[in-house]
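See structure below.
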Amino acid sequence: MAGAVPGAAVPMADPLLTVTPQMATGAKSLEEPLRGRGQKDGAFSDPQQSLQEALSMLDSDDWELKKKGLFNIPRLAESHPEVLLCRLREVCLAATSEVTNLRSKVSCSAIVTLGELFAILKKDMDSEADEVAAVLLPMVWNSPEFIQKAACKSLGMMVENVTPARAMTVLMDRGVKSRYVQEMENQKGERRSVKEPVKKRNDGSKEPQSPLPSSKRCLNVDFLSWYSCPSYGLLDGEREGRESLQKLYHLLEAKGFQTRMEGVAFLLDLCKTSPQLISSNIVQIFDHFVLRINDTHKKVKQQALEVLAEMTGVLEDALNPVMVRLVEGITKNLNSKDSGVHAAAVTALDQSVVHLDEVSLMKELSHQWSKLSGEALLEVTECITVLVEWVHAKSPEVVQRYALPVLWSCLENKALPVRSANVCAVVTKLACALCEVMGTQLITCAESKPPHVQENLSSLLGW
């Protein structure tokens, strides 16, 4: 190529994804320090404060500070995972928002950070896989080469470390949608021939360059190649299953509230008659159904919550991929002034405790707890209390990372967060449940808390 810089990176075959020598140089200088994160760093003297500082850096307009904040997050995850896990949703949202940063160095740092979080936290990242994949997958198709490589590597780390069923569901849903959008862009590009990139012939004249088919791009992403089957997400590609899903989506999105109610009832019928169809497409179905859980019409909302309670008993673990939206949908309705909606939300929450994975449910309830107020706060606290014994038997560290911070949050306030005669009783139950499973370890953990927290705990437990 005329005027090329010696030693510069060779441009990609795809003219739409050309990597300039400057980009290649920037990528090299960026990747080298990031590779060193795999080694465990020393513990932070004040991990809580360090995490807050990292998040503040990400809010800054200074891109160097953003990079520093992104660099520190995996170090915290490695040395103090319990601190990061308590605010995992907030951390992942902050990192994913930087993936599309116009400054490529920040974008690449964010992508690498997310990959490292999957490698370090593993299945604890199950609840974040869907949102992270939704941001990373577009970077695979429409980015410079070094960004593509970083995105592919981080997605690969996701696949290797989260629950296999979770990874498959995320890629089937988000991955195919990304390919569909890319294919539409390619088709638009083919129609705009006057704007196509050009290259010189040997005789000096120019000719249009044809876009690289998306199927060729897929060859660069080995772990995504398995979802190229056109019948993905359907029950063996059967026509009846496809037609049932289309009918369901049409009903759930109807303008008339009575038709939407028919859609909710039809979903319950499909859960009972074709549970495998619903399980195989649960993420896509929830994209439509969650709108009805938060419907503006109270009759639709109440019916959706009632159906959700029944669905939970039928589908059980098949709902794990949509745990985040399920819990959000329920908890948002716990403070409803409509008695029917409130009762339906409480029933749905109770059924979740009975039928869903206790560990995953505790994690998500803990994430939602800080966003709640009023009766919803009490309802969720009681559910966490019920889960303590079951979760501790499976994973004691999860109880310490997710249930214990809820107790401290209650006790750190001189006035407890909800003005209700039931508050003290609810918090006391949680403290007793934690004391029963943790024993003297609870006392040890309390020693690092302020004096008034220790006093509140002693008062509740009668020490």
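Between the side chain of H80 and the backbone N or O of E82, no donor-acceptor pair lies under 3.5 Å. In terms of modelled atom types and a separation under 3.5 Å, the side chain of T96 and the main chain of L93 share a donor-acceptor contact. Proximity of a side-chain donor or acceptor of S395 to a complementary backbone N or O of V391 within less than 3.5 Å is not detected. A donor-acceptor pair is defined here as one N or O able to donate and one able to accept, closer than 3.5 Å; no such pair exists between the side chain of S366 and the backbone of M362. Distance alone, capped at 3.5 Å, places no donor-acceptor pair between the S360 side chain and the D357 backbone. The backbone N or O of V300 sits nowhere less than 3.5 Å from a side-chain atom of R260 that would complete a donor-acceptor pair. Between the side chain of N294 and the main chain of V290, a donor-acceptor pair closer than 3.5 Å is present. Checking side-chain atoms of K66 against main-chain N and O of M57 turns up no donor-acceptor pair under 3.5 Å.
Taking the side chain as every heavy atom from C-beta outward, V140 and I147 never approach each other to under 4.5 Å. With a 4.5 Å cut-off on side-chain heavy atoms, L76 and V91 do not count as touching. Here the side chains of R87 and L51 are in contact, with some heavy-atom distance below 4.5 Å. L58 places none of its side-chain heavy atoms less than 4.5 Å from the side chain of L65. Put simply, the side chain of S107 reaches to within 4.5 Å of the side chain of M139, judged on heavy atoms. With contacts defined as side-chain heavy-atom distances shorter than 4.5 Å, the pair M261/L251 does not qualify. Contact check for H342 versus D338: no side-chain heavy atoms found under the 4.5 Å cut-off. By the 4.5 Å heavy-atom criterion applied to side chains, L248 and H288 are not counted as neighbours.
Paired with L305 under the rule side-chain contact (heavy atoms from CB on, under 4.5 Å), one option of T347, V264, N333, V346 passes, and it is N333. Among L334, V406, V426, the one residue that satisfies the side-chain contact (heavy atoms from CB on, under 4.5 Å) test with V380 is L334.
For NZ of K371, the number of neighbouring non-hydrogen atoms (other residues, nucleotides, ligands) closer than 6.0 Å is greater than 12. Within a 6.0 Å radius of NE2 in H250, other residues, nucleotides and ligands contribute 12 heavy atoms or fewer.
The minimum heavy-atom distance linking F289 with A304 is given by the pair CZ-O, 3.4 Å. Minimum heavy-atom separation, N335 to E375: OD1-N, 3.1 Å. Minimum heavy-atom separation, V341 to K298: CG2-O, 3.8 Å. Considering every non-hydrogen atom in both C108 and A150, the closest pair reads SG-CB, 3.9 Å. When every heavy atom of V106 is checked against every heavy atom of K67, the shortest pair comes out as CG2-CG, 4.3 Å. Looking at every heavy atom in both residues, L121 comes nearest to P81 through CD2-CB, 4.3 Å.
With rounding to the nearest 0.5 Å, the separation of CG in L84 from CD1 in I73 is 7.0 Å. Distance check, rounded to the nearest 0.5 Å: CG of L117 to CD of E78 gives 10.5 Å. Separating the NZ atom in K363 from the CG atom in L387 is a distance of 13.0 Å, to the nearest 0.5 Å. Atom NZ of residue K105 and atom CH2 of residue W63 lie 4.5 Å apart, to the nearest 0.5 angstrom. The line from CZ of R292 to CG of L252 is 6.5 Å long, rounded to the nearest 0.5 Å. Here the straight-line distance linking atom CD1 of I282 with atom CZ of F286 works out to 5.5 Å at 0.5 Å rounding.
Residues that satisfy the salt bridge (charged side-chain N to carboxylate O under 4.0 Å, His left out) test with R89, not counting sequence neighbours, are E128, E328, E364.
Side-chain contact annotation: D287 with Q284, donor-acceptor N/O pair under 3.5 Å absent. For the residue pair D126 and T163, a side-chain donor N or O sits within less than 3.5 Å of a side-chain acceptor on the partner.
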Please report the C-alpha distance between L356 and S352 in whole Å, then the side-chain angles of each, then the deciding distance to 0.1 Å, and finally whether the side chain to side chain contact (heavy atoms under 4.5 Å, CB included) criterion is met.
CA-CA 5 Å; L356 298 184; S352 298; 3.8 Å; yes

Given L407 and L434, is the side chain to side chain contact (heavy atoms under 4.5 Å, CB included) satisfied, shown in steps?
CA-CA 9 Å; L407 177 63; L434 289 168; 3.7 Å; yes

Before you tell me yes or no, could you show the steps for K123 and V162 under side chain to side chain contact (heavy atoms under 4.5 Å, CB included), namely the whole-Å CA-CA distance, both residues' side-chain angles and the distance that decides it to 0.1 Å?
CA-CA 4 Å; K123 293 181 180 179; V162 301; 5.8 Å; no

Full working for side chain to side chain contact (heavy atoms under 4.5 Å, CB included) between C383 and L349:
CA-CA 8 Å; C383 284; L349 185 61; 3.3 Å; yes

Which donor-acceptor pairs under 3.5 Å do the side chains of residues 309-323 make with protein atoms, sequence neighbours left out?
| unit_1 | atom_1 | unit_2 | atom_2 | d |
| --- | --- | --- | --- | --- |
| T312 | OG1 | L308 | O | 2.7 |
| E316 | OE2 | H355 | ND1 | 3.1 |
| N320 | ND2 | D317 | O | 3.4 |

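Comment: E397 does not engage R401 in a salt bridge, judged by the lack of any side-chain N to carboxylate O separation of less than 4.0 angstrom.
Judged by the 6.0 Å and 45° rule, K247 forms a cation-pi pair with F266.
Sorted by first and then second residue, the pairs that involve residues 378-391 and meet side-chain hydrogen bond (donor to acceptor under 3.5 Å, both in side chains), not counting sequence neighbours, are W369-T381.
Relative ring orientation between Y402 and H367 is described as perpendicular, the plane-to-plane angle rising above 60° on a 0-90° scale split at 30° and 60°.
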